[in-house]
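No experiment lies behind these values; they were computed from the predicted model shown. Residue numbers run from 1 in the order of the sequence given.
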Amino acid sequence: MVSLQAVKLTLFGVATLFALVAAGRAQDQMFAFHMMIFATLALIFFFRSFKPRALTPLGVGPAHPSEERYEISVLRFGLIATVFWGCVGFLMGVIVASQLAWPALNLDLPWTTFGRLRPVHTSAVIFAFGGTALITTSLYVVQRTSGAPLWSRNLAWFVMLGYQLFILLAASSYVMGGSQSREYAEPEWYIDLWLTVVWVAYLALFLGTLFRRKEPHIYVANWFYLAFIVTVAMLHVVNNLAVPVSFFGAKSYSAFSGVQDALTQWWYGHNAVGFFLTAGFLGMMYYFVPKQAERPVYSYRLSIVHFWALIFLYIWAGPHHLHYTALPNWAQTLGMVFSIMLWMPSWGGMINGLMTLSGAWDKLRTDPIIRMMVAAIAFYGMSTFEGPLMSIRAVNSLSHYTDWTIGHVHSGALGWVGMISFGAVYYMAPRLWGRERLYSLAMVSWHFWLATAGIVLYASAMWVSGIMQGLMWRETNELGFLVYSFAETVEAMHPFYVIRVLGGVLYLLGGLIMAWNIWKTIRGDVRVEAEHYTTVPGPVSAPAATPAE
């Protein structure tokens, strides 16, 4: 019988050989560079396979007793990677915002221009920070709500490390000038293929853990995570259908063209927001908010209604990004109507999250982690009101292509995605490393206020700038000619761009404080603080939420 070690040696050996051949026959520098990365990693794992490594049994180490039967090593790596990518993404955001305010910072070098660094920022925040947070928290939650460890520890490491490789390939391709020019889907075809392999493994890992669960009921957070995994897979495959110019080159052309290409892109783009940046993080909300508040979900029935309404409605909302284009009017109207209907289930979820604190509102004074989670839910409610509003054709005529859209996206990304992720990181860190509590709860409070101030400065500056921009673009004189040139609108927006940079700096400072706090927590240090910061319970588990009312 063929041993597992022999299979690994064969697999990594063939992969190394193939990558070296591809690098040698590469049609461009970027493809050659990436194939050498693949060859190097495959060779490393080839030699590591000669020495079988015994996996540490579950529960060995300083983990909290409630973690003993679960896999935590890959989650520890994921949490550290989440914090790291968050700081990288926020730093890149400050850099590209500064380049818009002061164009000289582009430095006249091809790899430092706004056009190349901007997708590095968006991918670092959405996919590196947000995606790693989703993978880490989903694997944390599915184990504890299923009462079973992960289906395969090796597969979990493949998913986590394979996803980090995707991030590195994507970011390096942007700096080197490679892009499909598709919003939120810019990596070239072979990077997309690699992500598809990793994502299928992720789905298998998540489903395998659910199938071996000891609990008869699948908790609602897992439904949101599962919807995120399945739908993102479908969106990714369809939107990235492409024909490569050469199997040894990076360049490819989309399988779609014209208005079909635009519709496919924004079917993907809006649902990437809906399922990657909303459904997945709602799974995070439905687990970590009740656990931190030590209260069951306010209404489990409402959470189920929230799930199914969101899933059925969101998938149709993408065409509202294409108002006043060649897309047929009926399709534009369809997207607008479904976007407006999304307001109701979204606010149902917001109310459910906030009302989970019923009887525990006093924790807002003493627990900065709860404060952060509640702020995230509030931003979720605000963003899911503003989004449907901006989908209305008359409003869209003013808001689209302006900084108003930038403010809307960042109030959701920084306020909802960022804050709920920070709360989850702060919840998991002491439990994964078996610490009594975080190194410093006062630093969590500092992080909260810096992040909140940063979001307020950023979003409000972009709202004012965007509305002013839209009004200046449509201003005409008595002869019907435009009053303002494009350059004049850019000049008028400069003060708001400076304010945006300041908001980004504050948000970055909060992220750096989080990184220091988590590092000290991992080391086991505890900071002596005022009494009101030590009343928050540490790793004591909350009563499990009942599966139904």
Side-chain angles (χ1 to χ4, degrees), residues 7-49 109-113 115-120 122-124 126-128 131 157-202 232-258 260-261 264-265 268 272:
V7 173
K8 287 182 178 180
L9 286 170
T10 303
L11 179 64
F12 291 130
V14 171
T16 302
L17 182 61
F18 177 82
L20 287 173
V21 171
R25 300 189 61 182
Q27 303 290 314
D28 55 78
Q29 184 180 10
M30 188 178 86
F31 188 83
F33 176 69
H34 286 162
M35 288 304 105
M36 288 304 298
I37 291 177
F38 273 114
T40 303
L41 292 176
L43 194 61
I44 290 172
F45 282 104
F46 176 80
F47 285 113
R48 282 177 62 88
S49 299
L109 298 172
W111 52 85
T112 61
T113 58
R116 294 194 181 183
L117 294 185
R118 187 263 181 180
V120 174
T122 55
S123 291
I126 296 173
F127 297 115
W157 275 109
F158 172 77
V159 170
M160 185 63 73
L161 296 178
Y163 191 74
Q164 304 309 306
L165 176 58
F166 157 73
I167 293 166
L168 292 174
L169 293 174
S172 60
S173 71
Y174 302 149
V175 174
M176 299 174 73
S179 174
Q180 291 190 112
S181 302
R182 306 177 76 82
E183 189 71 19
Y184 311 134
E186 301 205 37
E188 281 289 0
W189 64 274
Y190 60 95
I191 305 176
D192 289 333
L193 284 177
W194 174 250
L195 178 59
T196 303
V197 172
V198 172
W199 211 257
V200 169
Y202 180 25
V232 166
M234 176 185 68
L235 297 169
H236 171 74
V237 170
V238 175
N239 185 57
N240 289 291
L241 290 174
V243 179
V245 174
S246 167
F247 287 113
F248 297 103
K251 184 61 182 172
S252 64
Y253 288 96
S254 173
F256 307 101
S257 62
Q260 291 86 1
D261 189 40
T264 304
Q265 161 59 31
Y268 164 88

Original post:
If you look at every heavy atom in Leu20 and Met36, which pair is closest and at what distance?
Top reply: CD2-SD, 4.2 Å
Original post:
Side chains of Asp28 and Lys251: closer than 4.5 Å at any heavy-atom pair?
Top reply: no
Original post:
How far apart are the closest heavy atoms of Gly162 and Trp194, and which atoms are they?
Top reply: O-NE1, 3.0 Å
**OP:** Please examine the side chains of Val197 and Phe158, heavy atoms only from C-beta on, and report whether any two atoms are closer than 4.5 Å.
**Re:** yes
Original post:
Any side-chain heavy atom of Pro187 sitting closer than 4.5 Å to one from Phe166?
Top reply: yes
Original post:
Tell me, which pairs form a ring pair (Phe, Tyr, Trp, His ring centres under 6.0 Å) where one or both residues lie in residues 169-191, sequence neighbours left out?
Top reply: Phe31-Tyr190, His34-Tyr190
Original post:
Would a distance-only check, ignoring hydrogens and angles, find a side-chain to backbone donor-acceptor pair under 3.5 Å from Tyr268 to Glu183?
Top reply: no
**OP:** Could you tell me whether a side-chain N or O of Ser123 sits under 3.5 Å from a main-chain N or O of Val120, the two making a donor and an acceptor?
**Re:** no
Subject >> Partners meeting side-chain hydrogen bond (donor to acceptor under 3.5 Å, both in side chains) with Gln164 (sequence neighbours left out) >> reply: Trp85, Thr132
**OP:** Could you check if a side-chain atom of Ile37 sits within less than 4.5 angstrom of a side-chain atom of Leu165, using non-hydrogen atoms only?
**Re:** yes
Original post:
Any donor and acceptor pair, going by atom type alone, linking the side chain of Asn240 with main-chain N or O of His236 inside 3.5 Å?
Top reply: yes
Subject >> Side chain to side chain, Leu117 and Trp111, heavy atoms closer than 4.5 Å >> reply: no
